[in-house]
Number of protein chains: 2
Amino acid sequence: MARTEQQNQQIREARKEMIRVEALKQFAAKGFAGTRIKDIAQAAGIAQGLMYHYYQSKDAIFTDLIEDALDKLNQASIHVKNMDNLAKNKILYAIRKIYKTIETSERFKQTCCLIAQAENSTVIPVDVKILIEGKRDLPYEIIAEVMKQGQKEGSVVEGSPHELAILFWTSIDGLSIYYATHKNPGYMPDYKIFAAMFLKEKNI
Amino acid sequence: MARTEQQNQQIREARKEMIRVEALKQFAAKGFAGTRIKDIAQAAGIAQGLMYHYYQSKDAIFTDLIEDALDKLNQASIHVKNMDNLAKNKILYAIRKIYKTIETSERFKQTCCLIAQAENSTVIPVDVKILIEGKRDLPYEIIAEVMKQGQKEGSVVEGSPHELAILFWTSIDGLSIYYATHKNPGYMPDYKIFAAMFLKEKNI
DNA sequence: TTATATATTGAACTATAATTCAATATATAA
DNA sequence: TTATATATTGAATTATAGTTCAATATATAA
């Protein structure tokens, strides 16, 4: 016999993780169509053929990343939804958290960028389209609900909660794409400025 | 002899315009890497080979579109810069104009989306990179100047004018990408909500 | 040390997309 | 009508990228 099954599992998972890390970088920066398997393999320091020992196809890597990213985003959204607090504070918490994490975590920034690109792209694998179809709405719905709550509480500006949610997420998308591709800045603009779009009181 | 030179010129320009219209649609929806020459030709109703009678390469079509788009954006920015008015009004005018035009003109929406994608993509032809390098800054600079003017006049919120400009354009980018790829809505959220991010007074 | 299961490589293969080109169609000046 | 310059086609060619595979390396249980 050779290695135990457990050892192999461990190696397998470590390699897959390496591939995922590099693939995320590439997909976030270049989009699905613009990313080359060759480049991912090169960045991960392995032969191109080895990619297919761990992932069935380019589509499969992308699908894996997207599924993981959407799940994390949804989990975070649910966390905001379940907070026992004023809508105003939920909104401020969410924005601060997103801003802070984009600033401090390269991987999170790339993840935001990946989702933003995938949700707005028409040239992604059908599996991914279906995945997005099923998981995309929750963050929009939750933010819309929080906006509605805030309007009842008098802290959030007037307007369709759904439109406010679109404004919220599209602005986050735009920012994360910008900061994922522009190396220089590193720091994000003050989150309070962004929050002012939704909150009535300026003194936050 | 056959046709006069003038007649040929006319045909040539009409065909190029047809190609540009369809290419813009495709590039805006799929990005540079995700767009196929075959699809542009098909959409334009011509043989694939004919594309190369009018444009040297896929790169050349893209470059042509980007140059045109950047020039239009810069012209519009200069128009805002030269307005003899309070910063507050310049900002409101700019946002209202952009929102209104994204709403009413498919082509403008696609153009916004094209620029947003190109400026944030690392997989575009080098010529286009250079083009963007040279022409991208003006809209950012002009909005930053207007923000500074507004801060002096007391109408614009505190914070680095440059950061405010980034927030301005990345949010526009996010929105235009969203509305270019999601067919259903058609109408944009109220521009005043977006404007509230930058203006101190809520009663606009 | 040896046997063996799995990891790894790199070249071959296949699929897809960009580009070229020889052949043909077309419009108009003569 | 005819000659001819240019438009147009579609198939051939070339380039690029994804995938497969036979050969080889490696780690460890026995």
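Proteins get letters first, then strands, A, B, ... in listed order; numbering begins at 1 in each. Every heavy atom of this structure was used, including side-chain atoms; hydrogens, water molecules and symmetry mates were not.
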Over how many whole Å does the gap from A:Met51 atom CE to D:dT19 atom C1' extend?
12 Å
Atom-pair distance (CZ on B:Arg12; P on C:dT26), nearest Å:
20 Å
B:Leu50 atom CG is separated from D:dT6 atom P, nearest whole Å, by 15 Å
Mind checking who C:dA29 pairs with, Watson-Crick or G-U wobble, both distances under 3.5 Å?
D:dT2
Is the closest basic N to carboxylate O distance between A:Glu13 and A:Lys16 below 4.0 Å?
no
Between C1' on D:dT24 and CD1 on A:Ile46, what's the gap in Å once rounded to a whole number?
17 Å
Can you find a side chain N or O atom of A:Arg36 that sits less than 4.0 Å from OP1 or OP2 on D:dG18?
yes
Counting side-chain heavy atoms from CB outward, which of C:dA18, C:dT8, D:dT19 is closest to A:Arg15?
C:dT8
Would you mind checking if B:Glu145 and B:Lys148 are paired as a salt bridge, meaning a charged N to carboxylate O distance below 4.0 Å?
no
Closest heavy-atom contact between A:Phe62 and A:Ala118?
CZ-CB, 4.2 Å
For D:dA7, which nucleotide in any strand shown is its Watson-Crick or wobble partner with both distances under 3.5 Å?
C:dT24
Any B:Tyr52 side-chain nitrogen or oxygen under 4.0 Å from OP1 or OP2 of C:dT19:
yes
Grab the CZ-C1' distance between A:Phe32 and C:dT16 for me, whole Å please.
13 Å
Select base, sugar-phosphate, or nothing to describe what A:Tyr54 touches, counting heavy atoms under 4.0 Å on all strands.
sugar-phosphate
Return the nearest nucleotide to the side chain of A:Lys58; candidates are D:dT19, D:dT9, C:dT19.
D:dT19
Please state how far atom CG in B:Asp39 lies from atom C1' in C:dT16, giving the value in whole angstrom units.
12 Å
Residue-phosphate contact under 4.0 Å: B:His53 side-chain N/O, D:dT8 OP1/OP2
no
Any strand is fair game: report the nucleotide pairing with C:dT19 by Watson-Crick or G-U wobble, both distances under 3.5 Å, or none.
D:dA12
Closest approach to the side chain of B:Gln48, judged atom by atom: which nucleotide of D:dT8, C:dA18, D:dT19 is it?
C:dA18
Rounded off to whole Å, could you give me the CD-to-C1' distance for the B:Glu13 and D:dA7 pair?
16 Å
Taking the nucleotide of DNA chain D with the nearest heavy atom to each, does A:Gln56 or B:Ala47 sit closer to the 5' end?
B:Ala47
What's the CD1-P distance between B:Ile37 and D:dA15, to the nearest Å?
17 Å
Scan every strand shown for a Watson-Crick or G-U wobble partner of D:dT19, both distances under 3.5 Å, and answer none if you come up empty.
C:dA12
Determine, for A:Phe32 and A:Lys58, whether the Lys NZ or Arg CZ falls below 6.0 Å from the six-membered ring centre while staying within 45 degrees of the axis.
yes
Hey, what's the ring geometry for A:Phe194 with A:Phe198, parallel, tilted or perpendicular (30° and 60° as the breaks)?
perpendicular
